[in-house]
Structure formats: C-alpha cells, structure tokens
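Beneath this line is the structure, given in structure tokens, with notes to follow.
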Amino acid sequence: RDTTFRSFFSSLLHVPEMSESEEDWEGWEATEEDIEPCACIFCSEHSFRSVPDCLQHMKTAHGCDILGLRDRLQLDQYGCLRLINFLRTKGLAGLQPELTADSFEDEAYLRPARENDPLLHHYYEADDNAEPDPASATATATPAAEDDVSRLQSELQTLRAQFAAFQAAVRQTYLGDFDDSLPPAAQGGAAADSSESGSDSEPEDSDYYFRSYAHYGIHEEMIKDTVRTSSYRDFFFKNPALVQGKTVLDVGCGTGILSMFAASCGAKLVVGVDNSGILRQAQSIVQQNGLEGQVQLLRGKVEEVQLPVEKVDLIVSEWMGYFLLYESMLDTVIFARDKWLAPGGHVHPDKAAMYLVSLNDTESYRDHVSFWDDVYGYKMGTMKKPVLREAVVALADATAVSSQPFVLKTLDMNTVTKDDLQFQAEFTLVISRAGQLTSFCSYFDIVFEAGCTEQVFFDTGPQSTPTHWKQTVFYLETPVDVVVGDIVEGVLTCKRQRGAERCLIIVLDCELKGKEGNSAKWRQQYAL
C-alpha cells in the first residue's frame, strides 16, 4: 500500500517516482523534458509553454475566459478543476450560454480528463496575500530581479495548484462522496472533550453543520419519518386558508418538501432558504414537479440572505432537534420571525413542550454502562466515566417508564425569545413502578394550532410511534432503589456549550424522598 500511494503521489505531482534509496531522490531538479506542454482545451494543434499563455489563447481564439468564468460562477479551486475537466470532456459544446456551476458539480469531474494536464496544476483562486506583480515594481528594479520574482511566483503558484489537485484526488479516490459528511475528528482532528466551559481554542465548526445537511442520507431519514412528514402535510392540507394566496417562508427548506406542500395548497409565493448543498437538488425537485413558478429557493444563511419580499404571512420550519433544542435552529426561526413576519402572521408549528420521565431499565443500563465492568474478562470500568458524561439519543423501552411525565418547558413560537432557550426547570416525579431508577428520559411534543381550523399534533415519547428524534436518555452514575410512591425532586439546567453553540450541557440536581424514609442526593452533568 505504501508503494502504491508513493506512485500515486509522484504521478500526481508529475515528478519522478521516489526509489527506495534516498540518494536517488536527493539533488533531483526539474528539466525542460519534465515539463508537460499546456494543450489548448479546444484545439489540439496548439500547445503552450505556460498556463497563462494557454489561458490567454483560449480567451482570444475561442471566447473561453476561464478566469472570467471563475469569477462569474464564484468557483473555488475545486470548482475550477471540475470546470477544466468538464470542458476537456465536452469541448466547445460545454460553453453553452446557460453554463452554471451545476453543469459540472459531479465529483467525476475531479478526475483528470487529460493525463498530466498542466491546467490542473494551476492555482486559480484569487490570492489576497500574493506578492505584487513585477510589472508594477519600481523602474529601478533590474530585469534579473524581475525574472527571479516572476519565477518564484510561478513556482509558488504551481506548488499550490499541485497540492490542491492532490487534495481533490485523495478526496475523490479515497473518501468519495463521504468527505463532507465526516465530523472534524474523522478528518484528522482530535475530538475535544465536551465540557461546561467549552474551549476557546476549539470554536464550533458551523460550516460542518451545514455540510452535514448536504448528504442525502439525513434528508431520507427525515422524510421517511412518517410521524414528522405527515404531520406537516396534514397541517397544510387541513388548513388551506392559512396558505392560499399567502407568502410563505420555509426556514431550512432542505429538499423543499414543505415548500412544495405550501405551493400545492395555493400559496402565492414560497421562499425556501437553506445554506446546505442539498439546495441544488431541491431546485431540480421543484422544477421536476412544475412548481418553479411558485417556489423560489435561496442558498445562504437566513441571517444573511435578502428575501424578494419585505414581509411574509407564514413561516414554517422543521427546526426541532434531539432534546428539542439541540442544533439551535430555533434561533434562526426567531430571527426570521422578528425580521419578516407580517402583523397577524403565524409561525408553524407554534407550540412545543418538553417532558421528563424516570426509567427503571436495568437491561439497557447493563448494556450501556455495566458492560464495561467485564469485557471478555478484562476490567474496563474507566470507560464508564466518559460514557456517563454524555446524554444518549435512543429509543427508550416504553415498559421501563416508571413515573408520570412532568412538563419541563413549554414554548410558543410566536413569542419565544432566544433567552428562553437556556433555562432551569424544577421537576417532581412520583415513582409508579418499583425497582431500580437507572435513568431519566426526555422527549417533546409539537402542536400546529394558531389560526388553524383543524389542529395537528404529534409527540416523540417512548409510548408513541417512534420518530427519528427518538428520546434523550440520561443514565445515572449509580442506580437508585425505588418503590411505588417514592418522589424524585430536582432541577434540570439546560444551557449551550461555549464555543459549540449548537450543542448543549444538561445538568440534573436530584433528590430522592422515599416514602419509607430512604433518601439520596446526586448531581450529574451531561453533554449533548
């Protein structure tokens, strides 16, 4: 594998393959024979000694301004590499007037269409820190000095382009389409421990958040969640008066399914906004369904985009995360509401409530926590500490629920503020099933109510139809024996992680008040 990778690396950079002897490598210098002529994309009889000369020829002889296309289509280095390979494949036919970045978005265009193509070794991105052009130097500069600067700039540009080409090839060859879906830790970074204080040196990767929604898998999971998707569909189709002839804003539109529901119910205009790459597919989906006249999709952050209208009558969004508030997308809905919602307008869904129950689930506790006490005969109890520091998103066993649900928090989307999303809530749970209290379980329900002629409701509890949100389980460090009638009182604190605002810290301060005089107190912190 090592030899194969060296060969791949060497051919990519267009240098002689490294032999097993370091001495064969030392002292190697490029010669004119090593430099591949730069062939015109459109006429094979013309080749040039430099990439700039080739680019100028294509601009004047064929009307193909690569740098102009780069600027017009806002292409990064990878985009330029795709463009070159696309044009090498399509020829002059690729220069259609309606050429867009979507025309060559396929990852296949990262593969070189021409072996050792110097155009793929060129650095196309504008460099704000580049050295000034020698032509703008003072008149006192010597021709030799100008030649040195020009040569060094050219070498630097080539090295940058080679490295970008190397990254693109590795991404395509070894990672394929999965690179954008990998978390930072999987791309070579160390996973930072979650902590209440966060880390100033490890800021949240907001780009990763949006990239994660570019992959089809997450949208497939959400759309196939029939509880979720059918509830939104029922809201629109059972309450057409809220939509007909109205302007609708879909916050975080994804594939555009909610936007199309609204359009199908007679909305005058639906504006869908999403900052994820899935928007390209959403645009095609809207067109395939003949709704482009009603649905307009915008790529960007809601906080930064400019809508084509001043106000909207209805804001719809599927903003809910695990534990309801994970990912902090509700912040964006609040921003959109305060900026664009017309007087008398509505945000839907408009009501949400968070619940807490206790679980007597010794089997789940054994599988998740006690498991580490004896692993193939080895003691691994030290693993329990990080395990117990994290909340677990899982389907809780409905038969393990050992108390009536307690309402932790209610939210009205037409009035909620960002400050409401960090909170403390006192709770009281009355034990209804004897055994060991092993964990707490939180879930939420959602209501479409304001202005509706027919209310729509769904919940995500362990005794309801499972959803992709599942439930959020908080395992106790030490299970507590309980009997029917015992009371567990406590305070749940929910706040954002500093430096990772889309993640949460949940703290549980608890006290058991046993009806037979037994008692216990504990405090445990969880990251989500």
Side-chain angles (χ1 to χ4, degrees), residues 213 216-274 276 278-279 281-282 285-286 288-289 291 294-297 302 312-322 324-327 329-330 332-334 336-337 340-341 345-354 411-414 416 443-461 464-470:
Y213 279 90
Y216 75 89
I218 193 169
H219 298 279
E220 179 180 0
E221 180 185 31
M222 291 189 293
I223 290 174
K224 285 182 175 179
D225 182 342
T226 55
V227 172
R228 164 200 181 268
T229 308
S230 63
S231 295
Y232 278 88
R233 179 201 59 194
D234 290 348
F235 158 70
F236 283 110
F237 285 89
K238 291 180 178 181
N239 297 281
L242 275 176
V243 187
Q244 289 174 352
K246 303 295 178 63
T247 300
V248 180
L249 173 61
D250 181 359
V251 175
C253 62
T255 57
I257 184 71
L258 304 188
S259 294
M260 292 190 293
F261 284 158
S264 297
C265 288
K268 178 176 66 176
L269 172 67
V270 184
V271 181
V273 182
D274 204 298
S276 165
I278 198 68
L279 205 70
Q281 283 73 35
I285 291 169
V286 168
Q288 288 169 12
N289 288 277
L291 295 172
Q294 291 171 269
V295 179
Q296 180 175 342
L297 302 180
V302 168
V312 299
D313 304 299
L314 174 65
I315 295 176
V316 65
S317 178
E318 196 278 80
W319 55 265
M320 298 79 75
Y322 304 131
L324 186 65
L325 300 177
Y326 177 72
E327 291 187 336
M329 189 177 166
L330 184 52
T332 301
V333 176
I334 292 171
R337 179 199 69 195
W340 289 303
L341 188 62
H346 298 287
V347 179
H348 276 288
D350 61 309
K351 299 288 196 312
M354 304 171 69
L411 300 174
D412 183 335
M413 259 38 74
N414 291 287
V416 67
Y443 59 95
F444 59 88
D445 64 29
I446 294 296
V447 185
F448 300 81
E449 182 180 45
C452 294
T453 54
E454 187 170 342
Q455 184 184 110
V456 177
F457 163 90
F458 71 86
D459 81 275
T460 63
S464 301
T465 303
T467 70
H468 78 282
W469 289 289
K470 303 178 183 178

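This chain uses plain numbering: 1 for the first residue, then up along the sequence.
- Remark: Lys268 NZ to Asp313 CG distance equals 7.0 Å, nearest 0.5 Å.
- Put simply, CD1 on Ile223 and OG1 on Thr226 are 12.5 Å apart, with the number rounded to the nearest 0.5 Å.
- Classification of the Phe448-Phe235 ring pair by plane angle, with boundaries at 30° and 60°, yields parallel.
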Practice problem: Check the pair Cys253, Leu279 against side-chain contact (heavy atoms from CB on, under 4.5 Å), reporting the backbone distance first and the verdict last. | Solution: CA-CA 8 Å; Cys253 62; Leu279 205 70; 3.5 Å; yes
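- For the atom pair CG (Leu314) and CG (Leu249), the distance works out to 9.0 Å, reported to the nearest 0.5 Å.
- Taking both residues in full, the closest heavy atoms of Gly254 and Asp274 are given as N-OD2, 2.8 Å, listed atom of the first, atom of the second, then distance.
- Tyr232 contributes atom OH, which lies 6.5 Å from atom CD1 of Ile446 (distance to the nearest 0.5 angstrom).
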Quiz item: Between Ser230 and Phe458, does a side-chain contact (heavy atoms from CB on, under 4.5 Å) hold up when you go through it step by step?
Solution: CA-CA 10 Å; Ser230 63; Phe458 71 86; over 6 Å; no
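- In this structure, Phe444 and Trp469 have perpendicular ring planes: the angle between them is above 60°, well past the 30° mark.
- In this structure a side-chain-to-backbone donor-acceptor pair under 3.5 Å is missing from Asn289 to Leu291.
- Checking side-chain atoms of Arg228 against main-chain N and O of Thr467 turns up no donor-acceptor pair under 3.5 Å.
- Under the 3.5 Å distance criterion, the side-chain polar atoms of Thr247 are left unmatched by any main-chain donor or acceptor of Leu269.
- Using a distance-only test at 3.5 Å, with no hydrogens or angles considered, a donor-acceptor pair links the side chain of Gln294 to the main chain of Ala267.
- When all heavy atoms are compared, the tightest approach of Ala262 to Phe236 is CB-CE2, 3.6 Å.
- To the nearest 0.5 angstrom, Glu318 atom CD is 12.0 Å from Ile257 atom CD1.
- Counting heavy atoms from C-beta on, the side chains of Leu325 and Met354 come closer than 4.5 Å.
- Partners of Ser464 under the side-chain hydrogen bond (donor to acceptor under 3.5 Å, both in side chains) rule, at least two apart in sequence or in another chain, are Asp459.
- Judged by distance alone, the side chain of Asp350 and the main-chain N or O of Ala450 form a donor-acceptor pair under 3.5 Å.
- Within the 4.5 Å cutoff, the side chain of Leu324 has heavy atoms near those of the Leu411 side chain.
- The nearest pair of heavy atoms linking Thr453 to Asn239 is N-OD1, 2.7 Å.
- Under the 4.5 Å side-chain criterion, counting only non-hydrogen atoms from C-beta, Phe261 is not in contact with Asp250.
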Practice problem: Please assess Ile285 against Met260 for the test side-chain contact (heavy atoms from CB on, under 4.5 Å), listing each intermediate value before the final yes or no. | Solution: CA-CA 9 Å; Ile285 291 169; Met260 292 190 293; 3.5 Å; yes
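- Rounded to the nearest 0.5 Å, atoms NZ (Lys238) and CZ (Arg233) are 8.0 Å apart.
- Side-chain contact between Val271 and Val312 is absent, with no heavy-atom pair separated by less than 4.5 Å.
- Atom NZ of Lys351 is surrounded by more than 12 heavy atoms from other residues, nucleotides or ligands within 6.0 Å.
- Ring geometry for His348 against His346 counts as tilted: the plane angle lies between 30° and 60°, on a 0 to 90° scale.
- Contact between Val251 and Ser317 at its shortest, heavy atoms only, is O-OG, 2.9 Å.
- The two residues Val447 and Phe457 make their nearest non-hydrogen contact at CG2-CD1, 3.7 Å.
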Quiz prompt | side-chain contact (heavy atoms from CB on, under 4.5 Å) assessment of Leu330 paired with Met413 | solution = CA-CA 9 Å; Leu330 184 52; Met413 259 38 74; 3.9 Å; yes
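- The minimum heavy-atom distance linking Leu242 with Lys246 is given by the pair O-CG, 3.5 Å.
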